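Each chain gets a letter, A, B and so on, in the order the sequences are listed, and its residues count up from 1. Everything numeric here is computed off the predicted structure, so don't read it as measured data.
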There are 2 protein chains.
Amino acid sequence: MLGQWPDKAIERLSLYRRLLANLAAERVKFIYSHELAQKAGRTAAQVRRDMMILGFSGSPTKGYEVARLIEAIGGFLDAGGLQEIALVGVGNLGRAILSYFAGRRPNLSITAAFDSDPAKVDRVIHGCPCHRMEELASLVAVKSINTAIVAVPAGEAQAVADALVGAGVCGLLNFAPVRLRVPGAVFVENVDLTTSLEKVAFFARRQLLRQE
Amino acid sequence: MLGQWPDKAIERLSLYRRLLANLAAERVKFIYSHELAQKAGRTAAQVRRDMMILGFSGSPTKGYEVARLIEAIGGFLDAGGLQEIALVGVGNLGRAILSYFAGRRPNLSITAAFDSDPAKVDRVIHGCPCHRMEELASLVAVKSINTAIVAVPAGEAQAVADALVGAGVCGLLNFAPVRLRVPGAVFVENVDLTTSLEKVAFFARRQLLRQE
DNA sequence: ATCAAACTGTGAACGGATTCACAGCGTGAA
DNA sequence: TTCACGCTGTGAATCCGTTCACAGTTTGAT
Ligand SMILES: NC(=O)c1ccc[n+]([C@@H]2O[C@H](COP(=O)([O-])OP(=O)(O)OC[C@H]3O[C@@H](n4cnc5c(N)ncnc54)[C@H](O)[C@@H]3O)[C@@H](O)[C@H]2O)c1
Ligand SMILES: NC(=O)c1ccc[n+]([C@@H]2O[C@H](COP(=O)([O-])OP(=O)(O)OC[C@H]3O[C@@H](n4cnc5c(N)ncnc54)[C@H](O)[C@@H]3O)[C@@H](O)[C@H]2O)c1
């Protein structure tokens, strides 16, 4: 089930939707695969392949209808209603994330934050209430939360992940520089900024060499 | 030159190094490919392939010598000396990044921040001086900066990228939800948290379905 | 009504990353 | 000294995402 749709394709669909939303705001009604590809930094064939995943059809002469395509991607990516997300660790990064996602997407919303620091709990941060860790299991259950963001220090991440998985969460977005050990039924996406930065630095150096 | 070493391999090497540093702290002297693989969430064969990239050899009976392997990865990934990094956009995310990377890695350091907000410039934030945008070109040149982090609002990102590239930067770590248009000689790594979160939410929902 | 043009939809080809599978090797035991 | 073991190093095979290439389609022009 996990491999049925490659996660790369899911990423592209998410990107397409954002690009299309911009186009819709500019009153663009139709778009060709090569135009969307250009904006997404992909090939036209790739875009058309991705349309196949959606089962979405365009017109050979007009291209894809922007409004309907946005809807089709939403029907594929989004849950039926609101999907609530939990955030654990309201530190520097956690707060940045809260501020960014606050009220941004209608279908995806961080509605519960948790922290072990007594100074941070029982108050609302960027519109999201911050709770004590003791409340995690019950709140996750009550709100049927299946997705959580881990933004605690590396040493705490595994314990937090265990608690989340124990509470029923089966999708984790992990910012801690650790590989979480979780049951196979749990999807983990690691955002590893140290690695990303090292990679950019590495290739930047290589580009310099090439230019010389 | 860019495709010579797949960027996936660079990411893994960066991860290996961090895992190995933890092991070294625990006084572990040698490690087998399957042990490192397990920690990194990869296969043993993959680890051995990556050792080939480094031209690094292990002993059939002891495995790889941790200290020497850390050094070998450093020799491959790191610049000769200190590689300085610039950060543009000292908002919520920019500050989190500054606090995180402050004095963390010896070879990679964010030594110049820039912001267009007069309230933020001409002071030191998390140990990093924040400058006016007007100073960007000259400081990048003086410090020989080739790598930069873009953490400004989406609408500003392209202009900022143009300024950075114009100043000679050829590696960008971009947090803005936009595809930057840059010359082919510039390496761009996009960190797209909206897409990452949508992806996790999508697979978390699928996992639920599978369990039922 | 016919045709030219430019797109879409998709089977097939491709290529690069991953995994397999095993020869070669160093070591410790007998 | 010899042997058995379990690892490394790596050519070959495999897998899977991407791209190619073209038949099919729609529309606007003549
Ligand atoms: N800030 C960044 O830009 C950045 C970059 C890369 C990685 N990271 C990683 O993200 C994580 C968070 O980074 P940060 O800069 O926000 O750190 P931080 O120290 O500012 O925040 C960590 C927060 O987690 C809370 N916490 C600690 N232990 C906890 C526990 N057991 N349960 C619940 N909450 C707990 C703390 O009270 C604090 O509020 C770290 O793992 C860090 O390595 C951050
Ligand atoms: N905060 C997050 O967790 C998060 C998540 C995903 C994406 N992002 C993206 O990262 C970027 C920054 O997010 P943020 O939350 O820090 O936003 P923010 O509004 O808090 O900070 C933006 C900073 O950029 C500065 N700035 C604006 N225009 C500039 C310009 N032309 N030149 C230089 N500086 C300029 C502002 O003064 C401000 O300090 C945005 O593109 C956002 O979409 C942030």
Side-chain angles (χ1 to χ4, degrees), chain A residues 1-16 20 23 28-70 72-73 76 179 189 195 199 202-203 206, chain B residues 1-16 20 23 28-69 72-73 76 179 190 195 199 202-203:
Chain A
M1 197 62 124
L2 220 172
Q4 184 160 353
W5 293 295
D7 72 334
K8 290 264 185 75
I10 306 300
E11 289 180 15
R12 287 193 300 269
L13 288 173
S14 167
L15 173 60
Y16 295 158
L20 290 165
L23 288 169
V28 175
K29 297 293 182 212
F30 289 86
I31 188 166
Y32 293 120
S33 62
H34 67 265
E35 294 172 314
L36 184 52
Q38 199 266 320
K39 285 178 188 296
R42 305 287 162 173
T43 65
Q46 175 97 77
V47 169
R48 295 202 297 275
R49 274 272 177 250
D50 291 335
M51 298 301 106
M52 285 178 75
I53 292 178
L54 299 175
F56 189 84
S57 286
S59 142
T61 42
K62 296 186 174 174
Y64 302 96
E65 193 179 338
V66 172
R68 277 186 51 237
L69 180 48
I70 290 173
I73 296 177
F76 184 82
R179 273 6 223 197
E189 168 85 358
T195 286
K199 186 167 73 164
F202 176 83
F203 283 114
R206 298 213 70 75
Chain B
M1 200 62 127
L2 221 171
Q4 183 160 353
W5 293 295
D7 71 336
K8 290 262 185 75
I10 305 301
E11 289 179 15
R12 287 193 301 269
L13 289 173
S14 168
L15 173 60
Y16 297 158
L20 291 165
L23 289 169
V28 176
K29 298 291 182 213
F30 288 87
I31 188 166
Y32 293 120
S33 62
H34 67 265
E35 295 172 315
L36 184 53
Q38 199 266 321
K39 284 178 189 295
R42 305 287 164 172
T43 65
Q46 175 99 79
V47 169
R48 294 201 299 274
R49 274 270 178 249
D50 290 337
M51 295 305 105
M52 285 178 76
I53 292 179
L54 298 175
F56 190 83
S57 286
S59 139
T61 42
K62 297 186 174 173
Y64 301 97
E65 193 179 338
V66 173
R68 276 187 51 236
L69 181 47
I73 296 176
F76 184 82
R179 278 0 227 198
N190 292 294
T195 285
K199 186 167 73 166
F202 175 82
F203 283 114

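When the C1' atom of C:dC20 is taken as reference, atom CZ of B:Arg48 falls 10 Å away, rounded to whole Å. C:dC7 atom P lies 16 Å from atom CE of A:Met51, rounded to whole Å. When rounded to the nearest whole Å, the span between CD1 of B:Ile10 and C1' of C:dA17 equals 14 Å. As rounded to whole Å, 12 Å separates atom P of D:dC7 from atom OH of B:Tyr64. Note: CG (A:Asp7) to C1' (D:dG17) measures 11 Å, nearest angstrom. Between the P atom of D:dT8 and the CG atom of B:Leu54 lies a distance of 15 Å, rounded to the nearest Å. Regarding B:Trp5, its CH2 atom lies at a distance of 16 Å from the P atom of C:dG16, rounded to whole Å. Here the C1' atom of nucleotide D:dT19 and the CG atom of A:Asp50 are 13 Å apart, to the nearest Å.
When the side-chain contact (heavy atoms from CB on, under 4.5 Å) test is applied to A:Lys29, no partner is found at least two apart in sequence or on another chain. Residues passing the side-chain contact (heavy atoms from CB on, under 4.5 Å) test with B:Ser14, sequence neighbours excluded: A:Thr195, A:Glu198, B:Leu77. Contacts of B:Arg49 classified as side-chain hydrogen bond (donor to acceptor under 3.5 Å, both in side chains), with partners at least two apart in sequence or in another chain: none.
The side chain of A:Ser33 has C:dT8 as its nearest neighbour among C:dT8, C:dC7, D:dC20. Minimum atom distance to the side chain of B:Lys8 is reached by C:dT18, of the listed C:dT18, C:dT8, D:dC7. When the nucleotides D:dT19, D:dC7, D:dG9 are ranked by their closest atom to the side chain of B:Tyr32, D:dC7 comes out on top.
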Nucleotide-resolved protein contact map, nucleotides 24-30 of chain C, B/S/- at heavy-atom distance under 4.0 Å: -BBS---
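Regarding contacts with the backbone of D:dG17, every side-chain N or O of A:Gln46 stays at 4.0 angstrom or more from both OP1 and OP2. Regarding contacts with the backbone of C:dT18, a side-chain N or O of B:Arg12 is found under 4.0 angstrom from either OP1 or OP2.
One distance of note links CG of A:Leu13 with CZ of A:Phe56; it measures 11.5 Å at 0.5 Å rounding. To the nearest 0.5 angstrom, A:Glu189 atom CD is 9.0 Å from B:Phe203 atom CZ. Rounding to the nearest 0.5 Å places CD1 of A:Ile31 at 4.5 Å from CG of A:Leu36. B:Arg48 contributes atom CZ, which lies 6.5 Å from atom OH of B:Tyr64 (distance to the nearest 0.5 angstrom).
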Under 3.5 Å, which N/O atoms of the protein pair with N/O atoms of nucleotides 12-16 of chain D?
{"from": "D:dA12", "atom 1": "N6", "to": "B:Arg49", "atom 2": "NH2", "distance (Å)": "2.9"}

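Residue pairs that meet the salt bridge (charged side-chain N to carboxylate O under 4.0 Å, His left out) test with at least one member in residues 50-61 of chain B, sequence neighbours left out, are B:Arg12-B:Asp50.
Among the heavy atoms of the strands lying under 4.0 Å from B:Met52 is at least one base atom, whether or not backbone atoms are also near.
More than 12 heavy atoms of other residues, nucleotides or ligands lie within 6.0 Å of NZ in B:Lys199, so this atom counts as buried by the packing criterion.
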